[in-house]
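Here is the structure we will look at.
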Amino acid sequence: MHMAVKPTALEVMTDAPVIPVIVLQEAAQAVPLARALVAGGIRMLEVTLRTPAALACIEAIAKEVPDAVVGAGTVRNARDAEAAARAGARFAVSPGYTRWVAQGCRDAGLALLPGVATGSEIMQAQEDGYTQLKFFPAEQAGGVPMLKAWQGPFGDVRFCPTGGINPQNAAQFLALPNVVCVGGSWLTPADAVERGDWARITALAAEAARLPRGSR
Ligand code: 3PG
């Protein structure tokens with residue numbers, strides 16, 4: 001994929017086995033962190049809109065790290081989507097699903113990977129044309145057995161489980177035929193980001209990039 005082009009949700013999911021969920025307190029951390037992840041083989045980066053610095057972080061990565069594809073996480077409404085797109089985000093991830101957040105992302109020109117946790121939410125998202133979904137919070141809402149149960153009625157949906165995934169359980173999720181990738185914050189531990197321990201983050205990313213996948 002050409003890096004100047006905005007990816008589809010499926011391209012965001014297939015690029016690597018793990019989408020890092022990133023929480024940044026300071027804009028100055030964004031560029032070295034993004035470079036560290038890219039050096040480890042992880043290019044699709046979800047920067048959550050959870051901190052005052054988030055939009056500045058997205059902007060800095062979009063401008064200064066051409067090999068990364070920065071997206072916005074925790075997008076909850078049209079305002080978030082518009083602000084993220086203006087800052088340079090190239091895709092959006094939401095913690096839940098509403099028609100309004102979906103419309104907001106379409107208006108902002110961003111592919112959306114929407115969060116779901118129930119059959120009704122999957123049905124609503126599918127009705128609106130979304131077949132690649134984030135399962136959130138995955139471990140807390142039923143984990144691997146839930147994804148296995150969904151293979152029957154929702155066999156055409158592909159998931160990115162996020163929430164409670166770690167290096168110990170990631171492989172179990174990735175082995176499922178309806179899982180393309182997982183999301184998680186373990187690639188960017190708060191203490192490593194604070195200390196600027198970028199080598200550790202590159203090592204965690206490289207380890208994540210090597211995780212085997214059952215399907216894409
Ligand atoms: C989140 O919303 O913080 C993400 O789902 C990451 O969850 P995790 O910290 O359990 O990986």
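The basis for the numbers below is simple: all heavy atoms, side chains too, and nothing from hydrogens, waters or symmetry mates. In listed order, ligands and their atoms are each counted from 1.
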**OP:** Would you list the pairs meeting ring pair (Phe, Tyr, Trp, His ring centres under 6.0 Å) in which at least one residue belongs to residues 178-199, sequence neighbours left out?
**Re:** none
**OP:** Could you please provide the protein residues found below 4.0 Å of ligand 1 on a heavy-atom basis, arranged by chain and number?
**Re:** V21, R50, F136, T162, G163, G164, G184, S185
Subject >> Any pair counted as ring pair (Phe, Tyr, Trp, His ring centres under 6.0 Å), so long as it reaches residues 95-135, sequence neighbours left out >> reply: Y97-Y130, F135-W150
**OP:** Name all pairs fulfilling the salt bridge (charged side-chain N to carboxylate O under 4.0 Å, His left out) condition that reach into residues 118-139, sequence neighbours left out, sorted by first residue then second.
**Re:** R99-E127, R99-D128
Subject >> Atom pair CD1/CG of I19 and L187 - distance to nearest 0.5 Å >> reply: 11.0 Å
**OP:** Looking only at non-hydrogen atoms, find the nearest pair between A34 and V65 and report the distance.
**Re:** CB-CG2, 3.9 Å
**OP:** Could you pull out the closest heavy-atom pair between F91 and P7, with the gap in Å?
**Re:** CD2-CG, 4.2 Å
